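Just so you know, these numbers come straight off a predicted model, no measurement behind them. Just so it is clear: chains get the letters A, B, ... in the order the sequence lines come, proteins before strands, and each one is counted from 1.
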Amino acid sequence: MATRIYVGNLPYTIGNEQLAQLFSAYGDVAEASVVMDRDSGQSKGFGFVEMNDDAAASNAIATLNGTALDNRTIRVSQAQPRAERSNGPRRSRDY
DNA sequence: GTTGAGCGTT
């Protein structure tokens with residue numbers, strides 16, 4: 001089972017590899033990505049981590065949630081499903 | 001700075 005984790009309130013100094021290493025301490029990280037702004041390339045302040053072991057993921061969430069990283073108190077929780085990028089909600093012609 | 005895209009214009 002894979003668990004996807006949302007990590008919010010991240011410092012802009014955090015990258016996807018640092019995020020991966022942060023969570024890899026609690027279990028095997030399948031995927032880790034910090035959301036970057038497409039235009040500026042800067043971190044949006046949050047990211048996502050996917051772990052194969054849901055127990056390790058839950059442990060990582062419980063441990064890392066509410067902890068201060070750099071100078072920010074990060075928010076860690078299970079991620080919500082993301083919109084489909086192939087056929088997302090079109091807002092052109094919003095009636 | 002708090003839930004991810006991409007779009008090249010439909």
Side-chain angles (χ1 to χ4, degrees):
Chain A
M1 290 297 290
T3 300
R4 255 210 293 231
I5 308 169
Y6 160 78
V7 188
N9 202 31
L10 284 173
Y12 288 161
T13 55
I14 293 298
N16 31 12
E17 29 187 322
Q18 334 214 34
L19 188 65
Q21 291 179 65
L22 180 65
F23 277 80
S24 64
Y26 298 91
D28 178 63
V29 175
E31 187 66 78
S33 62
V34 174
V35 180
M36 305 289 200
D37 185 84
R38 188 173 58 88
D39 299 308
S40 64
Q42 189 185 39
S43 173
K44 283 188 177 179
F46 62 93
F48 292 89
V49 177
E50 186 173 9
M51 303 186 74
N52 291 322
D53 193 341
D54 57 28
S58 181
N59 182 33
I61 292 173
T63 308
L64 295 174
N65 185 31
T67 60
L69 190 62
D70 182 61
N71 215 341
R72 319 282 175 207
T73 302
I74 64 173
R75 177 183 205 182
V76 184
S77 64
Q78 292 183 286
Q80 299 172 345
R82 194 234 297 160
E84 177 58 64
R85 56 176 151 132
S86 298
N87 191 5
R90 300 290 172 148
R91 83 273 296 196
S92 3
R93 312 293 177 92
D94 181 69
Y95 292 96

Protein-nucleotide distance ([X], atom [atom1]; [N], atom [atom2]), rounded to Å:
X      : N      : atom1 : atom2 : result
R82(A) : dG4(B) : CZ    : C1'   : 5 Å
Q80(A) : dT2(B) : CD    : P     : 14 Å
I5(A)  : dT2(B) : CD1   : C1'   : 16 Å
K44(A) : dG4(B) : NZ    : P     : 7 Å
L19(A) : dG4(B) : CG    : C1'   : 12 Å
F48(A) : dT2(B) : CZ    : P     : 13 Å

* **From E50(A) atom CD to T3(A) atom OG1, the distance as rounded to the nearest 0.5 Å** =>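 Reported to 0.5 Å precision, the distance equals 8.5 Å.
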* Do R75(A) and dT2(B) share a donor-acceptor pair, side chain to base, under 3.5 Å? ->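 In this structure, the two groups form a donor-acceptor pair.
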* To do: May I ask you to say what F46(A) touches in the nucleic acid, namely base, sugar-phosphate or nothing, with a heavy-atom cut-off under 4.0 Å?
  =>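 If one applies the 4.0 Å heavy-atom cut-off, F46(A) turns out to touch the sugar-phosphate alone, with no base involved.
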Grab the two heavy atoms, one from [X] and one from [Y], that are nearest each other, plus how far apart they are.
X      : Y      : answer
F48(A) : L19(A) : O-CD2, 3.9 Å
V29(A) : A20(A) : CG2-O, 3.4 Å
L64(A) : L22(A) : CD1-CG, 4.1 Å

* Does some side-chain heavy atom of N65(A) sit less than 4.5 Å from a side-chain heavy atom of R75(A)? ->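 The answer is yes; the side chains approach within 4.5 Å.
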* Any side-chain heavy-atom pair of L69(A) and L10(A) under 4.5 Å ->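 Answer yes - side chains close enough.
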* Asked: By a strict heavy-atom criterion of less than 4.0 Å, which residues belonging to residues 62-73 of chain A are in contact with DNA chain B?
  ->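 Going residue by residue through residues 62-73 of chain A, the ones with a heavy atom under 4.0 Å of DNA chain B turn out to be R72(A).
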* Residues within residues 23-43 of chain A bordering DNA chain B, heavy-atom distance below 4.0 Å ->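 Those residues are V35(A), R38(A).
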Under 3.5 Å donor-acceptor pairs involving side-chain atoms of residues 55-63 of chain A, not counting sequence neighbours:
residue, atom, partner, partner atom, Å
N59(A), OD1, T63(A), OG1, 3.3
T63(A), OG1, N59(A), O, 2.6

* **Linked, directly or transitively: Y26(A) and Y6(A) (ILVMFWY side chains, under 4.5 Å)** =>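 No, Y26(A) and Y6(A) fall in different hydrophobic clusters.
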* Asked: Between I74(A) and F23(A), is there a shared hydrophobic cluster once you connect ILVMFWY residues whose side-chain heavy atoms come closer than 4.5 Å?
  ->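 Result: yes, single cluster for both.
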